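Because only heavy atoms are used, hydrogens play no part in the values below, and waters and symmetry mates are left out as well, while side chains stay in. In this text, all values refer to a predicted model and were calculated from it rather than measured experimentally.
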Amino acid sequence: MNLSRLSLIAFLALIFSPFVICKKLDAAFSPPITISNILVSSTDSEVAMNLSGNSVAVWITFTGTEFFIEAAELPSGGSWTLPVTISTTSSTPVFSPTIAINSSGYAVALWIQSDGTNLRVQSSTSQFGGPWSTPVTVSNPGTDASNPQIGIDELGNAVAIWVDSDNIIASSLPFGGSWSVPVQISPEGLDSTNPVLAMSANGQAFALWQTVIGPHTVIEGSTLTFGADWSFFGQLSASSMSSTNPTVAADANGDAVAAWLQGSNPDVITATFIHDIGWSTPFPISNPATQNSSPFASVNATGDAVVVWLTQSSNELVQAVTFALDQVPTLVSTLSVTGQDAQTPVVAVDPFGNALAGWLRSDGTNVVVQVSILTAHGSWSTPQTLSLDGNDAGSISLGVDTHQNAVVVWYEGGLTEHKVKASIGTDVLPTPPFPLPASNLVGGVLKNRFAMQTDRINHIEWQASTDPTVVGYHVYRDGTLIATIPPNAPLMYNDHNRRKNQPNVYTVTAFNADNLESDPISIILPIK
């Protein structure tokens with residue numbers, strides 16, 4: 001167990017109420033609905049969902065004469081808003097919309113649009129429920145940009161990377177500020193492409209890309225602590241064979257997981273980054289002697305990681321491994337079923353270690369959207385088809401929240417016209433096994449009198465939980481975590497230097513090794 005994981009409930013408590021216990025309802029994905037304008041064609045959709053359950057989707061719309069980027073919002077427990085245009089309209093195509101949102105609902109969108117001469121990265125921002133900002137151009141004039149990637153931290157600071165003339169370029173957007181002058185973060189003189197980006201809640205960014213060095217393509221990268229300069233960490237993959245298709249994801253601590261394809265009969269290779277330690281030695285996670293493609297990684301705030309990919313058997317199958325960032329995965333699971341090829345798997349992990357994977361797959365007639373659910377520390381469910389028969393689906397994207405809900409977005413249509421579709425999963429992820437609470441919380445006010453002052457101490461104590469999975473207790477004062485008590489220590493806490501006649505609410509929760517908290521027990525001191 002990574003010891004830093006035990007401190008993450010304090011971070012999560014700043015975002016959500018630490019005392020919300022999820023209840024299991026009838027789990028179901030909704031029938032797909034069209035969220036784009038039904039009168040025009042829309043493609044290349046992407047969705048971002050924050051842990052509060054608010055979602056933002058972006059996509060490309062074509063009216064027959066003009067192209068532009070649209071967006072729609074899904075409030076937690078609500079319905080999709082009507083789409084709004086967030087870019088300028090253009091007679092030439094727009095490309096590659098991408099979106100990121102933090103827990104407070106601040107969203108940043110990127111896309112590629114021509115300035116009349118070159119393809120440029122453009123951006124717009126929005127606070128959830130509010131208007132989108134006027135689009136601004138982020139990349140430099142005079143060169144063509146492509147493949148933009150976006151990340152955002154909990155303070156609303158954003159980072160973008162993209163390809164420009166075979167170099168990887170980056171720019172930063174401080175919350176409430178303006179995009180910085182773009183800087184090159186890949187080495188000069190090398191052919192660098194296919195960038196990917198992850199950003200942790202605490203402002204640590206990880207950029208990976210593939211670079212041609214001699215006869216091989218290798219995976220390189222750079223990191224950024226927001227407000228500082230990019231730090232190039234060099235080559236991550238082996239030098240003796242080619243590596244491609246990197247993917248990266250970051251947790252709330254600034255730890256990360258990366259994966260890529262390596263070799264002529266590609267293996268899926270993974271490396272993990274632990275802050276203050278660095279990158280691990282890369283290790284294979286796919287089965288030996290298999291041909292693999294399309295890796296995609298996700299990790300939750302406390303370091304539960306899932307990597308999915310395609311493997312060639314009698315047809316293309318979706319496979320996955322799950323692991324904590326301080327462990328090595330040992331078991332490969334197959335998610336899709338044999339018979340027809342799968343495509344482009346994606347995955348998201350909730351705060352409790354449950355996961356939702358999705359992919360596109362032929363049903364013999366059309367390309368459909370399928371999903372599978374992982375129970376934390378358990379197994380994957382039988383695949384479920386979300387899209388309707390009669391049209392081909394594309395561009396699957398998904399997200400999960402902290403209340404067992406999910407959203408899946410894709411586009412589907414015929415040869416000439418497409419619509420963006422969405423399905424909402426209400427309580428589709430398993431309710432985690434919360435530990436049993438402590439009991440008999442009592443307390444009082446103690447006084448230590450000194451010559452010049454009196455130390456007023458709010459003293460609390462409680463009886464242990466009867467749950468054998470409990471590994472400690474959290475003590476909160478007025479909703480703020482102030483202490484973590486080991487289970488074998490005296491189950492008490494002394495809160496010194498309290499003000500006279502100022503009441504405080506003290507709450508104690510038991511937590512287990514998965515950082516799940518019990519129902520709270522509370523007391524107000526001084527007792528009136």
Side-chain angles (χ1 to χ4, degrees), residues 44-46 48 58-60 67-69 71 86-88 90 92-101 107-125 133 135-153 157-174 177-199 204-212 217 219-224 226 229-233 244-250 256 258 260 296 395 397:
D44 291 5
S45 54
E46 182 172 304
V58 292
W59 59 84
I60 298 171
F67 297 86
F68 46 91
I69 305 297
I86 66 172
S87 71
T88 57
S90 173
T92 58
V94 292
F95 305 96
S96 308
T98 186
I99 183 74
I101 184 172
V108 181
L110 295 181
W111 62 90
I112 298 292
Q113 188 162 358
S114 174
D115 64 2
T117 304
N118 295 107
L119 296 176
R120 309 281 296 280
V121 177
Q122 293 202 322
S123 175
S124 179
T125 63
S133 67
V136 297
T137 301
V138 182
S139 60
N140 287 322
T143 58
D144 288 329
S146 63
N147 205 350
Q149 308 287 307
I150 185 68
I152 191 170
D153 68 13
N157 303 310
V159 171
I161 64 172
W162 61 90
V163 179
D164 191 333
S165 301
D166 296 327
N167 298 310
I168 309 302
I169 308 299
S171 178
S172 298
L173 177 66
S178 301
W179 287 100
S180 66
V181 175
V183 295
Q184 182 174 322
I185 61 174
S186 62
E188 184 65 37
L190 298 177
D191 184 4
S192 299
T193 58
N194 201 12
V196 290
L197 175 70
M199 193 166 186
Q204 184 79 11
F206 298 84
L208 299 181
W209 58 86
Q210 59 191 52
T211 294
V212 177
T217 301
I219 305 302
E220 294 185 324
S222 188
T223 58
L224 172 74
F226 199 87
D229 294 328
W230 283 93
S231 176
F232 177 65
F233 61 74
T244 60
N245 295 82
T247 178
V248 66
W260 60 89
F296 189 97
S395 189
S397 180

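Side-chain N or O atoms of R120 include one that pairs as donor or acceptor with a backbone N or O of N140 at under 3.5 Å. At least one donor-acceptor pair under 3.5 Å links the side chain of S180 to the backbone N or O of S172. A donor-acceptor contact shorter than 3.5 Å links the side chain of S222 to the backbone of S231. T217 contributes no side-chain N or O that, together with a main-chain N or O of T211, makes up a donor-acceptor pair within less than 3.5 Å. Under a 3.5 Å cut-off, the side chain of S90 and the backbone N or O of T92 do form a donor-acceptor pair. Under the 3.5 Å distance criterion, the side-chain polar atoms of S395 are matched with a main-chain donor or acceptor of S45. In terms of modelled atom types and a separation under 3.5 Å, the side chain of E220 and the main chain of W209 share no donor-acceptor contact. Without hydrogens or angle criteria, E46 side chain to I99 main chain gives a donor-acceptor distance under 3.5 Å.
Note that CG of D229 is 12.0 Å distant from CD1 of I185, once rounded to the nearest 0.5 Å. If you take CG on N157 and CD1 on I152, they are separated by 8.0 Å, rounding to the nearest 0.5 Å. Remark: I60 CD1 to D44 CG distance equals 4.0 Å, nearest 0.5 Å. Note that CG of L208 and CG of N245 are 12.0 Å apart. Values are rounded to the nearest 0.5 Å. In this structure, T125 OG1 and I101 CD1 are separated by 12.0 Å, a value rounded to the nearest 0.5 Å. In this structure, the separation between CD1 on I161 and CG on L224 is 11.0 Å, given to the nearest 0.5 Å.
Put simply, the side chain of P141 does not reach to within 4.5 Å of the side chain of N118, judged on heavy atoms. Looking at F67 and S87, their side chains never come closer than 4.5 Å, going by heavy atoms from C-beta outward. Side-chain contact between S192 and D166 is absent, with no heavy-atom pair separated by less than 4.5 Å. Within the 4.5 Å cutoff, the side chain of F232 has heavy atoms near those of the P187 side chain. A heavy-atom distance below 4.5 Å is not found between the side chains of W162 and L119.
Contact record, A100 with A48: CA-CB, 4.2 Å, taken as the closest heavy-atom pair. L197 and V248 make their closest contact through C-CG1, 3.8 Å (heavy atoms, listed as atom of the first residue, atom of the second, distance). The shortest heavy-atom contact between S114 and T117 is OG-N, 3.9 Å. Between I150 and W179, the shortest heavy-atom distance links the atoms CD1-CH2, 3.9 Å. Closest non-hydrogen pair, V196 versus P246, comes out as CG1-O, 3.2 Å. Taking all atoms of both residues into account, the shortest heavy-atom contact from W260 to T244 is CB-O, 3.4 Å.
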**Asked** Would T137 and V121 satisfy side chain to side chain contact (heavy atoms under 4.5 Å, CB included), going step by step from the backbone distance to the final call?
**Response** CA-CA 6 Å; T137 301; V121 177; over 6 Å; no
_Please determine whether side chain to side chain contact (heavy atoms under 4.5 Å, CB included) holds for the pair T223 and Q204, giving the CA-CA distance in whole Å, both sets of side-chain angles, and the decisive distance to 0.1 Å._
CA-CA 7 Å; T223 58; Q204 184 79 11; 3.8 Å; yes
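T88 and Q113 form a side-chain donor-acceptor contact under 3.5 Å, judged by distance and modelled atom types alone.
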